[in-house]
Amino acid sequence: MEILSFLLSLFTHTLLLNFSIFHFPSISAHRTNHGDFLRCLSRRINDFTVETRVIHTSKDSSFFSILNSSIQNPRFSVLETPKPVSIITPVQATDVQSTIICARLHGVHVRTRSGGHDYEGFSYIAKNRPFVVLDLRNLRSITLDVDNRTGWVQTGATLGELYYEIGKSSKSLAFPAGLFPTVGVGGQFAGGGYGTLMRKYGLAADNVIDAHIVDASGRFLDRQGMGEDLFWAIRGGGGSSFCVVLSWKIRLVEVPSTVTVFKVEKTSEKEAVSVINKWQYVADKVPDDLFIRAMLQRSNETAVYASFPGLYLGPVSYLLALMEEKFPELGLEIGDCREVSWIESVLWFVNEESIDDLRKRKRTSRSFKGKDDFIQKPIPRTAIRELWRRFYAPEARLAKIILTPFGGKMSEIAEYEIPFPHREGNVYEIQYLAYWKEEEDKNKTDTEKYMRWVKSVYDFMTPYVSDSPRGAYVNFRDIDLGIYGLGMNMKKTKYEVGKIWGVKYFKNNFDRLVDGAWKDTECRADLGWYFFNTDSPDKLMGTYNLRRGISPLQSELEALIWAMQCMIRHNKLVMVFQTDCSDVVKMVSKPEEWPAFSTLLDEVDRCKRRFTSFNIMHIPRTNNTKADKLAQSARDLPTDVYYVNSISPVWIPELL
Ligand SMILES: Cc1cc2nc3c(=O)[nH]c(=O)nc-3n(C[C@H](O)[C@H](O)[C@H](O)COP(=O)(O)OP(=O)(O)OC[C@H]3O[C@@H](n4cnc5c(N)ncnc54)[C@H](O)[C@@H]3O)c2cc1C
């Protein structure tokens with residue numbers, strides 16, 4: 001007789017929720033779950049025509065074109081980059097729910113992608129584990145309620161598509177998000193989202209008033225359903241951290257029907273350094289209707305220049321008077337300015353001509369690496385001069401340094417209002433970006449020089465920027481700040497490791513993101529099972545820790561399903577399952593009496609039908625010591641565990 005005893009141990013220890021910032025490694029990944037995942041998904045979709053639109057495996061001819069079409073940092077298009085085993089492109093919310101439920105049941109990791117602009121490719125790369133990409137490109141509807149100045153935007157939409165709809169509907173409404181039209185609203189609002197209206201209205205995330213999400217258990221929830229703690233976390237806590245956001249409800253903001261865009265350029269080093277120096281003293285203090293950026297870059301092989309593009313929420317005459325008073329050193333003249341509508345200002349900032357261009361989904365051919373800092377007091381002229389000189393390096397040919405002014409509304413919102421903490425006290429944010437042509441990615445040593453350039457500028461800036469912690473913007477994700485991965489210090493807990501970079505992105509909000517609001521509901525479920533045959537020396541064992549379900553019984557059923565799947569995979573089809581949870585035995589025997597668990601019980605039933613003989617019985621916990629030890633061992637490890645083998649894991653050699 002073949003027997004498997006399994007045990008689930010639910011344990012309330014602090015869990016770092018973020019799938020992307022906190023990149024969970026697997027200790028052992030003997031997973032062949034992809035097939036089961038696909039079968040589960042296909043059963044749930046249950047419509048062949050829909051299925052072909054939604055599921056794309058690497059065997060499909062369209063697979064790579066879908067994958068690459070929104071890789072917006074081509075350095076991650078190269079062969080060595082880990083590829084997903086399939087891409088799921090949901091056409092309705094239930095497809096997202098099914099993806100999450102099936103992925104959870106079958107131990108498949110999910111990366112969610114909206115616009116694909118993640119600086120480090122986190123929406124389509126996962127190292128060391130099989131994963132699927134949940135690409136939201138088909139969920140992009142936008143509905144605006146101009147009278148109430150609100151709107152719902154699905155997270156597969158781009159900023160350009162949102163701006164297009166707003167521009168078409170009204171001349172006096174806008175939304176304060178980023179500048180670049182192909183960026184997705186899914187990733188951007190989840191990390192904050194700033195643009196030309198930030199000094200007047202704050203971040204995109206400051207203007208989100210409701211959301212629809214699918215949580216880790218596959219539930220569809222709105223703001224009321226998810227509760228204020230989760231709603232707080234998804235507005236700035238970083239994409240992919242807590243759930244899949246399906247749509248945001250946004251508050252539209254008022255803008256005058258005529259605004260003014262302008263740009264001034266300075267080509268002499270002396271003048272540029274002097275004007276940037278003055279900019280540092282005024283850009284965060286001028287009225288919040290005025291946004292002036294400063295940028296450094298090269299115009300050709302030899303020349304460097306500074307530019308000052310800006311937006312004023314009013315007519316040119318007011319702007320000129322204001323600049324004369326506050327910032328005459330810039331030398332703004334009427335010829336540098338253009339009166340336009342707000343939607344035209346959006347086009348102007350990205351050098352586009354027609355409003356239809358905002359809806360174009362283009363893939364970039366430039367690879368990049370970025371890092372950023374927050375500046376809390378003006379840096380000395382000598383430092384500005386050094387930044388200028390760094391552009392003479394050959395690898396700075398396409399580089400940019402961008403200074404974005406804070407102040408205004410950004411300083412009025414408290415640090416803890418949403419997870420984005422960089423508020424009062426920040427004069428500006430500075431980004432160091434190196435770009436290169438995609439073709440150069442073929443040779444890694446060629447591209448490393450660009451990375452080194454960015455790193456050296458970042459190192460040079462150390463004395464001048466925020467410290468304790470040295471702040472960073474989560475939307476400009478920087479893997480150098482730290483990441484979960486192989487080689488991490490196993491003596492430290494996930495919390496301790498994650499805190500190294502977590503406080504840089506979130507300052508004091510990090511603790512609330514990690515455990516404050518989550519302790520009670522988001523804990524680990526540690527599973528263990530031990531298989532033996534009464535007539536042979538055959539043995540197998542497994543241990544796995546996964547995010548705890550919404551109730552202990554849900555996790556108990558998930559433990560059973562996992563154990564059943566492992567047995568099916570090992571062709572052990574005449575089985576007696578033993579558990580110390582009597583409710584599981586009751587549920588499996590009379591599923592109709594447990595309607596709240598029907599989804600999982602259906603899955604149990606489907607698995608059951610694959611056994612030639614299936615029995616389940618209750619045993620006391622004292623008879624379940626091996627499974628107990630396996631489950632506990634998963635609990636004690638600081639990393640993700642997925643272990644199935646015939647020999648004991650190295651961390652519990654005494655098991656057999
Ligand atoms: C060219 C360029 C210009 C930029 N300009 C600005 C700017 O002006 N202002 C600014 O603030 N930022 C800007 N950014 C940064 C940008 O906001 C972030 O990179 C943002 O995360 C990108 O969102 P995305 O949806 O395009 O990216 P994706 O790569 O699709 O997603 C980014 C992250 O969010 C997660 N995610 C995506 N969709 C969802 C979802 N629906 N639910 C849960 N998680 C999700 C992903 O898994 C990933 O971790 C720019 C970036 C680039 C490359």
Side-chain angles (χ1 to χ4, degrees), residues 17-23 69-76 90 93 96 100 109-126 131-137 139-140 153-163 176-198 202-206 211-216 233-248 291 293 346 349-350 361-364 366-370 372 400 402 404 410 420 422 429 431 433 435 473-479 505:
L17 294 165
N18 196 322
F19 292 141
S20 38
I21 297 176
F22 310 104
H23 186 173
S69 61
S70 50
I71 290 188
Q72 297 289 5
N73 193 347
R75 75 183 156 107
F76 300 117
V96 177
I100 298 301
H109 191 67
V110 177
R111 290 297 202 196
T112 308
R113 181 163 75 174
S114 171
H117 285 266
D118 192 280
Y119 273 33
E120 302 284 0
F122 274 30
S123 54
Y124 48 88
I125 304 172
F131 67 101
V132 299
V133 168
L134 179 66
D135 188 313
L136 301 170
R137 64 186 58 211
L139 299 178
R140 60 213 266 190
V153 51
Q154 282 191 310
T155 51
T158 61
L159 294 180
E161 288 162 352
L162 174 62
Y163 294 157
L179 285 85
F180 220 75
T182 52
V183 172
V185 305
Q188 181 163 96
F189 299 5
Y194 71 51
T196 55
L197 297 176
M198 63 190 281
L203 305 170
D206 293 323
H212 289 157
I213 65 159
V214 171
D215 76 356
I234 61 173
R235 289 169 300 149
S240 266
S241 305
F242 310 100
C243 57
V244 178
V245 180
L246 292 176
S247 46
W248 306 106
F291 171 88
R293 243 187 188 172
V346 171
F349 268 96
V350 288
R361 292 194 167 223
K362 293 181 276 191
R363 180 184 173 278
T364 179
R366 289 215 173 150
S367 294
F368 69 94
K369 169 70 193 174
D372 74 307
K400 280 184 187 162
I402 304 175
T404 301
M410 291 297 287
F420 179 97
H422 312 287
E429 197 244 4
Q431 259 205 95
L433 288 151
Y435 293 91
Y473 176 26
V474 70
N475 267 355
F476 300 153
R477 199 192 304 279
D478 179 6
I479 216 166
Y505 291 134

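For ligands, and for the atoms within them, numbers begin at 1 and follow the listed sequence.
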Can you tell me if [X] contacts ligand 1 (heavy atom of the residue under 4.0 Å from the ligand)?
{"X": "Gly193", "value": "yes"}
{"X": "Gly121", "value": "no"}
{"X": "Phe476", "value": "yes"}
{"X": "Gly191", "value": "no"}

Side-chain donor/acceptor pairs under 3.5 Å, residues 183-193, sequence neighbours excluded:
residue	atom	partner	partner atom	Å
Gln188	OE1	Gly178	N	2.8

Report the part of [X] (side chain from C-beta onward, or backbone N, CA, C, O) that has a heavy atom under 4.0 Å from ligand 1; answer both or neither where that applies.
{"X": "Thr155", "result": "side chain"}
{"X": "Cys243", "result": "backbone"}
{"X": "Thr364", "result": "neither"}

Identify, with sequence neighbours excluded, every residue that meets ring pair (Phe, Tyr, Trp, His ring centres under 6.0 Å) alongside Tyr473.
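Scan of Tyr473 (ring pair (Phe, Tyr, Trp, His ring centres under 6.0 Å), adjacent residues dropped) gives Tyr194, Phe420, Phe476.
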
Give, for atom [atom1] of [X] and atom [atom2] of [Y], the distance between the pair rounded to the nearest 0.5 Å.
{"X": "Thr155", "Y": "Ile213", "atom1": "OG1", "atom2": "CD1", "result": "11.5 Å"}
{"X": "His117", "Y": "Thr182", "atom1": "NE2", "atom2": "OG1", "result": "3.0 Å"}
{"X": "Leu139", "Y": "Leu134", "atom1": "CG", "atom2": "CG", "result": "8.5 Å"}
{"X": "Asn73", "Y": "Tyr124", "atom1": "CG", "atom2": "OH", "result": "5.5 Å"}

Mind checking whether [X] has an N or O less than 3.5 Å away from an N or O of ligand 1?
{"X": "Ser114", "value": "yes"}
{"X": "Gly178", "value": "no"}
{"X": "Val183", "value": "no"}
{"X": "Gly187", "value": "yes"}

What heavy-atom pair brings [X] and [Y] nearest, and what distance separates the two atoms?
{"X": "Leu246", "Y": "Ala93", "value": "CD1-CB, 3.7 Å"}
{"X": "Arg477", "Y": "Glu120", "value": "O-CG, 3.5 Å"}
{"X": "Arg75", "Y": "Tyr119", "value": "NH2-O, 3.6 Å"}
{"X": "Arg137", "Y": "Ser70", "value": "NH2-OG, 3.5 Å"}

With heavy atoms of [X] as the reference, note each atom of ligand 1 found under 4.0 Å away.
{"X": "Ser123", "answer": "28 (P), 29 (O), 30 (O), 31 (O), 46 (C), 47 (O), 48 (C)"}
{"X": "Val244", "answer": "42 (N)"}
{"X": "Gly239", "answer": "34 (O), 35 (C), 44 (N), 49 (O)"}
{"X": "Arg113", "answer": "30 (O)"}
{"X": "Tyr473", "answer": "10 (C), 11 (O)"}
{"X": "Arg477", "answer": "33 (C), 48 (C), 49 (O)"}
{"X": "Leu136", "answer": "41 (N)"}
{"X": "Val245", "answer": "40 (C), 41 (N), 42 (N), 43 (C)"}

Asp206/Arg235 ion pair, N-O < 4.0 Å
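Salt bridge between Asp206 and Arg235, a charged N being under 4.0 Å from a carboxylate O: no.
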
Nearest neighbour of [atom] from the list [options], on a heavy-atom basis:
{"atom": "atom 1 (C) of ligand 1", "options": "Tyr119, Phe180, Phe368, Trp248", "result": "Phe180"}
{"atom": "atom 47 (O) of ligand 1", "options": "Val96, Val110, Thr112, Thr182", "result": "Thr112"}
{"atom": "atom 19 (O) of ligand 1", "options": "Thr404, Leu179, Asn475", "result": "Asn475"}
{"atom": "atom 26 (O) of ligand 1", "options": "Gly192, Ala205, Gly184", "result": "Gly184"}

Given side chains that start at C-beta, do those of Phe180 and Thr158 come closer than 4.5 Å, heavy atoms only?
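No. Closest side-chain heavy atoms not under 4.5 Å.
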
Under 3.5 Å, is there a donor on one side chain and an acceptor on the other for Ser123 and Arg111?
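No pair is found: no donor N or O on one side chain lies under 3.5 Å from an acceptor on the other.
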
Would you say CZ of Arg366 has more than 12 non-hydrogen atoms from neighbouring residues, nucleotides or ligands within 6.0 angstrom?
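Check fails, neighbour count at 12 or below.
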
